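Reviewing the structure listed below.
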Amino acid sequence: MRDNQLPTSEQIHRSHYYHSFFRGYTEAKVPSADGKRIRIKRVYTEDYIVCDQPKFMEVLSRILNFFLLIPGVYLFMAAGKVNANYNKTPVIALFSMIYAVMLILTFGVMLMYTIRPIKMTEYDYKSTSERLIRFSFICGIIGAVIFICTFLGAWYYGTSLDSITAGYLFSAILIALCGLFEKKRGYKTVENTNIPPEDGNVIL
């Protein structure tokens, strides 16, 4: 915390989402010129978070995510179309539905990741990098579970496993790689030179 920020006892507390979104900002009530209205002025005053890599690598990493995600989605859809008894069980249907939802969420996070600013606030970082790691790893686990279930189903029905069904596993690997690469990517903080509003309160 900087010297010009208020102590903990004077910091404001509101909803969890409010604090998550505006964490690191300093806000102050600013009266209008006529003194009849009050507006809230917020300025980000904590240090910014930036990728600890050359700008070219930062841009390349954003593109790479989609080159991993798109084939991963295709392989999952191709595997789901295999017309076999072991691929039509309620367990497969349930996990496939969960996996599809997670893919949609991961795609949404990747879009946010792609358009996020180079200098990130704490919310920018957590809503992109941390979510991408979390969502992609969840996809990897669920995809692997689906593949194991199809393998066991094929054994149960006494049939051979269609090679296309391996798409579940390869899809899981590709999506998980997005999170693994992001986890390995280094980040650092850079000094924030923004001037906080007068008599402002720090949002934690």
Side-chain angles (χ1 to χ4, degrees), residues 16-17 20-21 23-24 46-82 86-87 89 91-154 161-190:
H16 173 74
Y17 180 79
S20 297
F21 189 86
R23 182 173 289 115
E46 286 296 322
D47 289 339
Y48 285 105
I49 302 172
V50 298
C51 184
D52 192 15
Q53 291 180 336
K55 188 175 180 179
F56 169 77
M57 293 300 298
E58 165 72 0
V59 174
L60 185 63
S61 67
R62 302 184 185 204
I63 298 173
L64 177 63
N65 283 333
F66 283 97
F67 276 96
L68 292 172
L69 176 65
I70 293 174
V73 172
Y74 172 78
L75 288 171
F76 168 70
M77 295 176 63
K81 292 181 179 179
V82 173
Y86 60 77
N87 206 30
T89 63
V91 173
I92 297 296
L94 174 62
F95 279 105
S96 294
M97 184 168 56
I98 297 173
Y99 190 76
V101 171
M102 289 306 305
L103 283 178
I104 294 173
L105 293 175
T106 303
F107 180 77
V109 169
M110 282 191 180
L111 286 179
M112 294 175 61
Y113 183 96
T114 302
I115 63 175
R116 70 183 184 178
I118 298 297
K119 293 169 61 177
M120 296 176 286
T121 65
E122 186 174 338
Y123 177 80
D124 291 332
Y125 173 74
K126 289 187 175 181
S127 63
T128 54
S129 291
E130 290 190 0
R131 284 184 184 176
L132 177 59
I133 294 171
R134 184 164 60 249
F135 288 178
S136 60
F137 283 173
I138 292 174
C139 281
I141 293 171
I142 297 175
V145 169
I146 295 174
F147 175 73
I148 292 173
C149 288
T150 57
F151 181 83
L152 294 176
L161 191 67
D162 193 301
S163 59
I164 299 177
T165 311
Y168 288 130
L169 180 61
F170 289 117
S171 174
I173 292 173
L174 289 175
I175 305 301
L177 281 175
C178 295
L180 180 61
F181 290 153
E182 180 61 25
K183 192 174 180 65
K184 295 292 184 180
R185 190 169 292 115
Y187 288 89
K188 64 182 180 180
T189 57
V190 295

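No experiment lies behind these values; they were computed from the predicted model shown. Residue indices begin at 1 and follow the sequence shown.
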Shortest non-hydrogen contact from [X] toward [Y]:
| X | Y | answer |
| --- | --- | --- |
| Ser171 | Gly72 | OG-O, 2.6 Å |
| Phe66 | Pro71 | O-CD, 4.0 Å |
| Cys139 | Ala172 | O-CB, 4.2 Å |
| Arg62 | Thr114 | NH1-O, 2.7 Å |
| Leu174 | Leu68 | CB-O, 3.6 Å |
| Asp124 | Lys119 | OD2-O, 4.5 Å |

> In a check of side chain to side chain contact (heavy atoms under 4.5 Å, CB included) between Phe95 and each of Thr150, Thr89, Ile142, which one passes?
Replying inline: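 Answer after filtering Thr150, Thr89, Ile142: Ile142.
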> Between Tyr187 and Ser129, does any side-chain donor sit less than 3.5 Å from a side-chain acceptor?
Replying inline: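 Indeed, the side chains of Tyr187 and Ser129 share at least one donor-acceptor pair under 3.5 Å.
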Any side-chain heavy atom of [X] sitting closer than 4.5 Å to one from [Y]?
| X | Y | value |
| --- | --- | --- |
| Tyr123 | Arg23 | no |
| Thr106 | Leu132 | yes |
| Ile173 | Phe147 | no |
| Phe107 | Asn65 | no |
| Leu69 | Ile175 | yes |
| Tyr48 | Pro117 | no |
| Phe135 | Cys178 | no |
| Thr165 | Tyr86 | yes |

> Does Glu130 pair with Arg134 as a salt bridge, N-O distance under 4.0 Å?
Replying inline: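 No, Glu130 and Arg134 are not salt-bridged.
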>> If the threshold is 4.0 Å, N to carboxylate O, is there a salt bridge linking Glu182 and Arg185?
In response: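 Between Arg185 and Glu182 there is a salt bridge, with a charged N closer than 4.0 Å to a carboxylate O.
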Give, for atom [atom1] of [X] and atom [atom2] of [Y], the distance between the pair rounded to the nearest 0.5 Å.
| X | Y | atom1 | atom2 | result |
| --- | --- | --- | --- | --- |
| Leu60 | Phe67 | CG | CZ | 9.5 Å |
| Met57 | Leu64 | CE | CG | 9.0 Å |
| Ile133 | Thr128 | CD1 | OG1 | 9.5 Å |
| Gln53 | Lys188 | CD | NZ | 10.5 Å |
| Lys126 | Thr121 | NZ | OG1 | 10.5 Å |

>> Checking Leu177 against Leu180 for the side chain to side chain contact (heavy atoms under 4.5 Å, CB included) test, could you report, in this order, the C-alpha distance in whole Å, the side-chain angles of both residues, the deciding distance, and whether it holds?
In response: CA-CA 5 Å; Leu177 281 175; Leu180 180 61; 4.1 Å; yes
Does [X] [atom1] have over 12 foreign heavy atoms under 6.0 Å away?
| X | atom1 | result |
| --- | --- | --- |
| Met112 | CE | yes |
| Phe170 | CZ | no |
| Tyr125 | OH | yes |

Do the side chain of [X] and the main chain of [Y] share a donor and acceptor less than 3.5 angstrom apart?
| X | Y | result |
| --- | --- | --- |
| Ser61 | Glu58 | yes |
| Asn87 | Ala79 | yes |
| Arg116 | Ser127 | no |

